[in-house]
Structures are given as structure tokens and as C-alpha cells.
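Since the structure is predicted, the reported quantities are computational estimates derived from the model, not experimental observations. Keep in mind that the numbers below use all heavy atoms, side chains included, and drop hydrogens, waters and symmetry copies. Note on naming: letters A, B, ... go to the chains in the order of the sequence lines (proteins, then strands), and numbering restarts at 1 for each one.
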Number of protein chains: 2
Amino acid sequence: MDKGNIHHHHTGKSHKSCVSLVPMFNHLEDEQLDEIMGATQSVSYKKNELIYHAGDESDSLYIINKGKVRIYRLAESGKEQLVRILNPGDFTGEMALFSESTHESYAEAMVNTKICLIKRSDLQEFLVKYPSVSLKVIAEFSNRLEASEKQTTRFSTEKVETRIALYLAESLDQEGTGTIEFTLSMSKKDLASYLGTTPETISRKFNDLEERGYIKQITHKRIKIVDLDGLLLV
Amino acid sequence: MDKGNIHHHHTGKSHKSCVSLVPMFNHLEDEQLDEIMGATQSVSYKKNELIYHAGDESDSLYIINKGKVRIYRLAESGKEQLVRILNPGDFTGEMALFSESTHESYAEAMVNTKICLIKRSDLQEFLVKYPSVSLKVIAEFSNRLEASEKQTTRFSTEKVETRIALYLAESLDQEGTGTIEFTLSMSKKDLASYLGTTPETISRKFNDLEERGYIKQITHKRIKIVDLDGLLLV
DNA sequence: CGGGACATTGAAATTACTCAACTAAGGTGG
DNA sequence: CCACCTTAGTTGAGTAATTTCAATGTCCCG
């Protein structure tokens, strides 16, 4: 439906930050960066706008320049699952770019968001011209695949409580070592969707973990890890 | 532990079939195929031998030439999850090749199996030299990622019964249109592991589906789909 | 300050797992 | 080629985990 076309800025030439941020390109020389930037288009989306949705046919790579994007899928049952949240420098759309011709997931701007677009044909040209970029792309895919398979295994073999504990522990290391307190990067509703459970269960399990002395809920979104080792043995 | 080194054949120069089977390479000219084949080593594994296991550091891509290989993961809880089964032409080991330096999963020969190995350095050289191969690799990753994310979503949002129904339906279309009967490609024990449930539940759900008239169990491994539409509405 | 979404809580219901006992099948060596 | 042994599969009963539904509380943003 509304795909944001109304409020797009087309600058033709976009900010360098768009491209130079991305691991995929950040090893390139200035000259090569300029070349990509020339093929890049900048588009803005308002909070809650859909960037693409399942069934759309895709012909571009989307790089987040500013803002936050939520990637989710709908199951056969109609339930929604949050797949990941993209921050500046992250990209999406690759699926449809390289294999399937239509998107299987939904991308939604969580806040006002600026995105850089690269057309499939331009990108492929680039990949053939600079093979080192392909290697980066492969590495990125490899990491995502690894993460996705790990997630699948967790869903199929761990109970909700364990999945939550592992999630909290991993959130903690992302904050840097020594940190013991952090802010959840998403609402508990989204967290429930991400971890394959319900908000009610999240709420109850957080309470359990607090009662058992593993964590402390400072506020709804602020969590303190009191006993990391204990948490990991849950 | 036993990684098969005792019974390996090293032919130095392996069968063309090894390489030409793989989608990744099958578009290449004979001359280029020869070049890859030169960098390829053939290794054999006996039934039940481990080809690699989590924690091994990897430096090769494994292409199945003959046989069948089971890729599985162990969860933090110690439970095993079957990730996929590889047949001739499929490959694995790419994870450790491009990003992580150690395997996160286990690969086990299900029957006597012949594998072609390509060393990381040779492969990377090749990818840089023939960019079209990279594009194929990217496409392959993209497909796998898509499949893995779909699986994750199913685990997190569908009940076991639905996952089984979807699995059966998909097994059916792989057999070709018009087919109505097929043989399960793995044991029900493995199927349970693959679908994130237990053999007991598989057994019971199969019975349910049969009682409700959606399928018929000809033998333990032979399944007839009686009412595909009904099955998909489960 | 009010409204709407998010979050929490309780109670009931569902779903799947575990454990244990039993049966069936398949492959191996005699 | 058959008997045997091992592994796979089934069935039942009890239990654990999580979801669902409904009611209520709370936060935050405009």
C-alpha cells in the first residue's frame, strides 16, 4: 500500500555515510566508494511506514542510513515473528536481490528513517568488478545464516526461560564487558515476538528470574544482571 | 575423535562429477572446471563417521560426491537438532570458511560417503578470479538463509501438528506434481529432531492426521496424502 | 491531561513432553 | 537364510510448560 513514495527525498547523490558505514563496502578506496555512491538513491520513511512487504518484488538493496527498521515475517497461521531490528549501517533486501524475486518478509520503519537504495543491476555490476566486495557479502551472509540456524536450534530445543536467559546474556555482552545493567533494545511485546513467545510469558518469566535472584528489573526496559552465571545455568 | 583419516582415499585428482554437480560451479567452462578439480581432494567416510564436529577449525569446503550426510547442532541444553541432510551435489563447511573459524555444527556420514574437499585458500582465489562463482555462492547462501528464517518462524509460531503438515506437503511437491504417495526421506526419529519435537509426538500426530483422513500410513516410511487441502488447513 | 498501546496478573485450558513398557523392523553373523 | 540383537517406533498415563482469555494497571506521547 503506502510505500512512502509521498514523502521521499531523492537526492540523486546521497551522503557518503550511507555507503561507507556498511561493512560490505567499508574496505574500499574513496574512488570506489564514490562510484557506488553515484548509484545510490536516498529515500525517507516515516515512523510505522512499510518499506516493503512479502510478495513485493524487489530490485534493490536497502541500507539503513538513519533510523531503525523492523524485519518481521508472517507465519502460515497469521502470527507475526520479529526476525531482526536494523540499525544504521545494516542492510536488507538481499534475499530478493540474489535468489527469490519477491520478499518473504516485511520491513517497517520503527521511527523516521533514511535509507540508501542500490539497484540490483548496479550492485551486481559492482560485485563482478570488485570481487573483494563479494567476499564481504558472502561473509555477511555466512554470519547471518549462522545466527539464524542457531536461533532455529534454540527455538526447537530450549524452553522459553532459557531463550530469555540467553538473550539477556547476549544483550549484556553487546554492551561491553563489565557492564551489568542495560536497556532492552525493544519493547517486551517485540521481544516476545522475537523469542517466539507471548508478552504474558515474558512478563512472568522476568518475574521468575528476578525472584530467583538472577536479574533485577529497574524499570520496564532497564534490566540489571545480578547473577550472570546463574542465569546461564537456567 | 575418529575423523575418518584411517580409511581415506586421496586420489589427488578427483572425479569431475564432484565439482560439476554443484550449482556453484556447474555454469563454468571445462577449462575452469579442470582448474578447480586440480585443487580438489577426495576423501571417504564410513557410515556413522563424523566428518567434522563443533569446535573443529575448518579450512575446507566439503562437497558431497556420493552418500548422505547429516548436519546437526547441539543446543546449550545438550539436545540435538537435525539441521539438514546433504545429498550428492550439496555442500557444507562454508560457515567456517567465510566467517567463523570453527564449526558450530556436526557433520556425520549416514552411509558410506565420498566427499570432495576444496581448501579455503584455493576457493577464495577462485572466487576472486571468477566473480560469477561468487554470485552463485551468494545466491546459494541467500536461499539457505531464506529457508532457515522460514524454519525459525515456523518453530516460533506454529504448533507441532502444523509443522508436520507443512513438512509433508513440501515433501510431496518435491516428488513432482501429481504424486500422492512418497517415502519419508529420513527416520521418524530424525524427523522429530528436524521438526523440533519428539518421536512420541510424531507418532501420535501421524495417527491423528490419519484418523482425520488427511493421510494414510502405508508403511512406517511410506505416506500417502489423501487430502492435501485439508492437511494444509490443519 | 487523556488516550492508546504496552505491560502485568490470575485462572483455565491446551499442547507437548517425559517416562516406561512394549512391539516392529532391519541388519549382521552364524 | 534365519535367529538374534539392536535400534526405531508406538502407546499409555501422568506431568510440565506455555498459551489463551479476560481484567486491570501503567507508561508515554501528543
Query raised in the report: In terms of heavy-atom contacts, does NZ of B:K189 have more than 12 from other residues, nucleotides or ligands at under 6.0 Å?
Result: no

**Report entry** Identified salt bridge (Lys or Arg N to Asp or Glu O under 4.0 Å) counterpart of A:E76 within the set B:K159, B:R154, B:R163
**Finding:**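 Among the candidates, only B:R154 passes.
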
Query raised in the report: What parts of residues 209-231 of chain B reach DNA chain C, counting only heavy atoms under 4.0 Å away?
Result: B:H220

Query raised in the report: With B:E108, which residues qualify under salt bridge (charged side-chain N to carboxylate O under 4.0 Å, His left out), at least two apart?
Result: B:R70

Could you give the side-chain donor-acceptor pairs of residues 206-216 of chain A under 3.5 Å, partners two or more places apart or in another chain?
| unit_1 | atom_1 | unit_2 | atom_2 | d |
| --- | --- | --- | --- | --- |
| A:N207 | OD1 | A:Q217 | NE2 | 3.1 |
| A:E210 | OE1 | A:Q217 | NE2 | 2.9 |
| A:E210 | OE2 | A:Q217 | N | 3.3 |
| A:R212 | NH2 | A:E161 | OE1 | 3.2 |
| A:R212 | NH2 | A:E161 | OE2 | 2.2 |

Presence of [X] side-chain N/O under 4.0 Å of [N] phosphate oxygens OP1/OP2:
X: B:K189; N: D:dA8; result: yes
X: B:S187; N: D:dT7; result: no
X: A:K159; N: D:dA17; result: yes

Requested in this report: Measure from the side-chain N and O atoms of B:T40 to the backbone N and O of B:I118, and report whether any donor-acceptor pair falls under 3.5 Å.
Outcome: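 No.
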
Requested in this report: For the pair B:Q174 (side chain) and B:S171 (backbone), establish whether a donor and an acceptor sit closer than 3.5 Å, ignoring hydrogens and angles.
Outcome: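 Flag not set: sc B:Q174 to bb B:S171 has no pair under 3.5 Å.
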
**Report entry** Pair B:E200-B:R204, salt bridge (Lys or Arg N to Asp or Glu O under 4.0 Å): steps then yes or no
**Finding:** CA-CA 6 Å; B:E200 292 95 328; B:R204 287 187 247 269; 5.7 Å; no

Length of the line joining [X]:[atom1] and [N]:[atom2], which is rounded to integer Å:
X: A:K188; N: D:dC27; atom1: NZ; atom2: C1'; result: 12 Å
X: A:N207; N: D:dA17; atom1: CG; atom2: P; result: 17 Å
X: A:N112; N: D:dC29; atom1: CG; atom2: P; result: 14 Å

Requested in this report: Walking along DNA chain C from 5' to 3', note the first and the last nucleotide with an atom under 4.0 Å from a heavy atom of chain A, and give both.
Outcome: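 Using the under 4.0 Å cut-off, the span is C:dC6 to C:dA11.
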
Query raised in the report: If each of B:G196 and A:D190 is mapped to the nucleotide of DNA chain C with the nearest heavy atom, which maps nearer the 5' terminus, i.e. the 5' end?
Result: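 On the 5' side of the pair lies A:D190.
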
Using a cut-off of under 3.5 Å, enumerate the N/O to N/O pairs linking the protein to nucleotides 20-24 of chain D.
| unit_1 | atom_1 | unit_2 | atom_2 | d |
| --- | --- | --- | --- | --- |
| D:dT20 | O4 | A:R204 | NH2 | 2.7 |
| D:dC21 | N4 | A:E200 | OE2 | 3.1 |

Query - A:F182: ring pair (Phe, Tyr, Trp, His ring centres under 6.0 Å) partners, not counting sequence neighbours - result: none

**Report entry** B:E149 with A:R84: basic N within carboxylate O range, under 4.0 Å
**Finding:**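 Salt bridge between B:E149 and A:R84, a charged N being under 4.0 Å from a carboxylate O: yes.
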
Query raised in the report: Will you find, in the side chains of B:Y52 and B:T92, an N or O donor that is under 3.5 Å from an N or O acceptor?
Result: yes

Report task. Would you classify A:K47 as touching base, sugar-phosphate or nothing, given that sugar-phosphate means primed atoms plus P, OP1 and OP2, and contacts are heavy atoms under 4.0 Å? Result -> nothing

Report task. Verify salt bridge (Lys or Arg N to Asp or Glu O under 4.0 Å) between B:E80 and B:R73, making sure each step is shown before the conclusion. Result -> CA-CA 6 Å; B:E80 171 181 322; B:R73 296 179 151 249; over 6 Å; no

